[in-house]
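First the structure, in the form of structure tokens, and then the observations on it.
Chain letters run A, B, ... following the sequence lines, proteins first and then strands; every chain starts at 1.
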Amino acid sequence: MKADEYEAVRKILDRRPTGSELAMYSVMWSEHCSYKSSKVHLRQFGEKTTDAMKEHLLVGIGENAGVVDIGQGWAVTFKVESHNHPSYVEPYQGAATGVGGIVRDIISMGARPVAVMDPLRFGALDHPDTHRVLPGIVAGIGGYGNCLGLPNIGGEVSFDPCYQGNPLVNALAVGTMRHEDIHLANARGNGNLVVLFGARTGGDGIGGASILASDTFTEGGPTKRPAVQVGDPFAEKVLIECCLDLFEANVVQGIQDLGAAGLSCAFSELASNGDGGMLVHLDRAPLRDSTLAPEEILMSESQERMMAVVTPEDLPGFLEITTRWDVEATVMGEVTETGRLIVLWHGETIVDVPPRSVAHDGPVYDRPYSRPEWLDARQADTPDHLPKPATDDELAALVKTMVATPNLASRNWITQQYDRYVQGNTAQAMPDDAGVLRVDEESGLGVAIATDCNQRFAALDPYTGAQLALAEAYRNVGVAGGRPLAVTDCLNFGSPEDPAVMWQFAEAVRGLADGCQQLGIPVTGGNVSLYNQTGSTAIHPTPVVGVLGVLDDVARRTPSGWRADGAQLFLLGT
Amino acid sequence: MRIGVVTFPGSLDDRDALRAVRIAGGTPVPLWHGDEDIKNVDAVVLPGGFSYGDYLRCGAIARFAPVMRTVTKLAGPPTQTSPGLPVLGICNGFQVLTESHLLPGALVRNEKQQFVCRDQKLRIERTSTSWTNGYGRNDEIVIPLKNGEGGFIADEATLDALEGEGQIVARYLDGNPNGSRRDIAGISNVSGTVVGLMPHPEHATEALYGPENGGTDGLAFFTSALQGVLSA
Amino acid sequence: MGRVVIDVMPKPEILDPQGKAVVGALARLGFAEFAGARQGKRFELEVEGEVDQAVLDRAREAAQTLLSNPVIEDVVAVRAASNQE
Amino acid sequence: MGRVVIDVMPKPEILDPQGKAVVGALARLGFAEFAGARQGKRFELEVEGEVDQAVLDRAREAAQTLLSNPVIEDVVAVRAASNQE
Ligand SMILES: Nc1ncnc2c1ncn2[C@@H]1O[C@H](COP(=O)(O)OP(=O)(O)O)[C@@H](O)[C@H]1O
């Protein structure tokens, strides 16, 4: 935490923050959780969304994931998120827990997760670092997603040296629900109970918030903290089924997944989205490691946990369901009207803050940005000077060369490690342009989803590049037979402290927001991943865009490729 | 005909198997791993998935579930009064059956050490089972295969016995996907009531949602069970 | 608190695809001197108090019923963990 | 012919879902006295000739580069197999 941020905390509290308060503010005000560098630009997604564009929007930006009305009483939620850095450190587990995290966002909306997709970027295929990370990342996405029973219906793989040392692992999840099943992350109703359920809390993911490493924890000297998190997909699968039973029994008032910033995030977001007060006993949290200090418990990012707000009358019913699924559940405290988030540790108050100040009123930076001078040279470097094939043989040779390049070759080695059949609703997956899923078995109502981004276009011109990504995903949904309805995006960029990168970011957001306005479909949620760079070299701007469309009957979807001999080929467009 | 489908914690294809039973014209009955009561069903499907995460060995923990006590008892060798409960174990269900010793051998990690999902061609070699009597002998079908630990192994004597007794129900064609001994995709007990199969017939019961060139090739596993007879 | 170590290995006569993969990978990394490899499992179980014969007997029972599959695996050791472990 | 045994265990501070599943299953089977369990790997590598220090050094190298993932696992033993093993 920076000095001025610390001062801001002091001002909010009008005193010195406690160690636990400092822990909460520092993780919640991190770039990852507070979007402090990107917020000023992301606002355009809301501002440029007209009422007409909101027609199908049931839940917009600001919740765990957006929700779209697809008709007949059905709703779909979808969102893409990054897990880039953890996947570089430990490819298998990093990618696996990336899938786990985005799936919990989908559950927390009240939906049954029904599919995943995985846009990936790697360095050059023949680079040793790619050999280290690629197999593990693919195995991790497959290992976790397959074990959850989620068909993998698409994604992207692209190789470019700019990703050496910075592979991108973006994971998209989709869920379906009836309109009345939509749940939100808020803690309402004085006296309602705050229940933590799922896996036990361990020391995972604490290293991220380094401020605390030195001073606060010296006495008693806890112990080694894990460098990486290991996912437990079985625990998550059980958690999914358990949550669906809880929703069906109607015993959940509000619900939040635990992801980045763990309990700090869940407490403060639930409280600030609700009536504004909460009192919890942190010492009640079931631990995997009994040496954890309260600060660590607040910051732990242990996977496979959820938090629900439950009325006292519903608690027995709630616990009956968690017991049936063998899921541990603990009443941590209750919703209050005090307007304060109060955390007790063995009876002693260790946190007493206005929850909004933690969850929503973090710092906002309007970082300087400017168009980099080198861009002119890059744009001037057109392909015109490259030799063109002059003869048929040269053309044939060129085609052969091209189909064998990593960026065009078959993705089968990867996609055959993913289950695309589970759940029995996949009408289209790899290698089609868009994944197509049946949502309603009776009517055949379904959705098509595509994710796209050509980072080389974005590197040449981030504004147009972002629009091209949107247009490509939109077309891919369209050609599959879907009517595009909504957009999610994962904005992968270098350091926001570099004005050139910040300019790329600003331009890409502006391009995407303008493009959405022209196409008339809203951004419903997404994720920003910054600091993807090695030394001073940033990755190409990589605004991955996912578009979701609806098909009234998936039987009428259009696969890619031709099926019958003698078909005629038409080229449409310009 | 009432066909039960067991849900273990970590089962994935349970809902698909229930759907396949319904499409075949049977009455699907969900069964719960924690109940010994199997609700008077006429046959049981142990579905695919990762029961208990498959962390120890695939199917090893599920084998001890209360529901398996009943299934193991009823599916055991035929007696004067009962021909034995028909049981189909698909993928993880096959693993549960070998762990329960209702079928011989075991399933181990794929030779290439990777999960594999693909449309798999099979030859149906035994049709005198509760689950394959609707196929013709040596019928070739395409159904999805998706497993990480699908390599069937047993010692040579057991493999020879399986061949000798005609207990090999299906073999892989056009390439062995997982290193299974003798290309074995599925086996049965001697009487043909209990069948274990690595690939997934329940994912090839509706034209739009199965393999591109297979369509509904898997449906006959479920219609076979409804016949309730073993045509030799 | 005591700890029991249980070692489970694939039976020698059973093909061990993981072991095979390990040999292949070792050879590619230049460890060609290891001509054969087998991969099994090692469990550590914790008990309150000391690891006496009764505990070891129970652990052996657990090893044989749950922790190994006798069709393809052998329980090769059930023993108290030594202090260094 | 000699044999080297290599034991690899998940680091104590790392979540071990396998061990968790094993404890749960043990408890359901009535082995409640085993309150904790961790599941690791045991490798046996074969070499021509004797297992001397040089072989053990190479085996340790293999253990650390290929047979374990140092981010989440520890190599807890590298030793010559005893005769009974
Ligand atoms: N690139 C983006 N485009 C659109 N919405 C975004 C983007 N990044 C973040 N958001 C939205 O901002 C909101 C705040 O994100 P939040 O849910 O706190 O993130 P996380 O799920 O990573 O904790 C979410 O609704 C999210 O969908």
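For a residue to count as touching a neighbouring chain, one of its non-hydrogen atoms must lie under 4.5 Å from one of that chain's; by this rule B:Glu202 does not touch chain A. Contacts between A:Ala427 and chain B at a heavy-atom distance below 4.5 Å involve backbone atoms as well as side-chain atoms. If you measure heavy-atom distances from B:Ser11 to chain A, the contacts under 4.5 Å come from the backbone alone. Only the side chain of A:Arg557 comes within contact range of chain B, judged by heavy atoms closer than 4.5 Å. For chain B, the nearby parts of A:Asp232 are the backbone and the side chain; heavy atoms of each come within less than 4.5 Å. If you measure heavy-atom distances from A:Val554 to chain B, the contacts under 4.5 Å come from both the backbone and the side chain. If you measure heavy-atom distances from A:Leu150 to chain B, you find no contacts under 4.5 Å at all. Contact annotation for B:Tyr55: only side-chain heavy atoms (C-beta onward) come within less than 4.5 Å of a heavy atom of chain A. Using a 4.5 Å cut-off between heavy atoms, A:Glu441 touches chain B through its side chain atoms alone. Looking at A:Val238, the atoms closer than 4.5 Å to chain B (heavy atoms on both sides) all sit in the side chain, from C-beta outward. A:Tyr421 touches chain B through backbone and side chain together, each having a heavy atom under 4.5 Å away. Both the backbone and the side chain of A:Asn425 come within contact range of chain B, judged by heavy atoms closer than 4.5 Å.
Sparse packing is recorded around CG of A:Asp326, with 12 or fewer heavy atoms of other residues, nucleotides or ligands lying under 6.0 Å away. Counting heavy-atom neighbours within 6.0 Å of B:Glu36 CD, excluding the residue itself, gives a total above 12. The number of heavy atoms from other shown groups lying within 6.0 Å of CG (B:Asn40) does not exceed 12. Atom CZ of A:Arg556 has 12 or fewer heavy atoms from other residues, nucleotides or ligands within 6.0 Å.
A:Gln416 contributes atom CD, which lies 7.5 Å from atom NZ of B:Lys112 (distance to the nearest 0.5 angstrom). Here B:Arg118 contributes atom CZ and A:Gln417 contributes atom CD; the two are 13.0 Å apart, rounded to the nearest 0.5 Å. Taking OH of B:Tyr209 as the start and CZ of A:Arg438 as the end, the distance is 4.0 Å to the nearest 0.5 Å. Distance check: A:Asp419 CG to B:Phe115 CZ gives 5.0 Å after rounding to the nearest 0.5 Å.
Residue with the most contacts toward chain A among B:Arg19, B:His200, B:Arg15: B:Arg19 (heavy-atom pairs, distance under 4.5 Å).
The shortest non-hydrogen separation linking B:Phe50 to A:Phe234 is O-CD1, 4.2 Å.
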Show the numbers, then the answer: is there a side chain to side chain contact (heavy atoms under 4.5 Å, CB included) between A:Asn146 and B:Lys146?
CA-CA 9 Å; A:Asn146 295 343; B:Lys146 38 174 203 148; over 6 Å; no
Give the C-alpha distance, both sets of side-chain angles, the deciding distance and a yes or no for side chain to side chain contact (heavy atoms under 4.5 Å, CB included) between B:Leu12 and A:Lys237.
CA-CA 9 Å; B:Leu12 305 180; A:Lys237 166 66 180 168; 3.5 Å; yes
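Annotation: side chain of A:Arg420 is in contact with side chain of B:Cys117 (closest heavy-atom distance under 4.5 Å).
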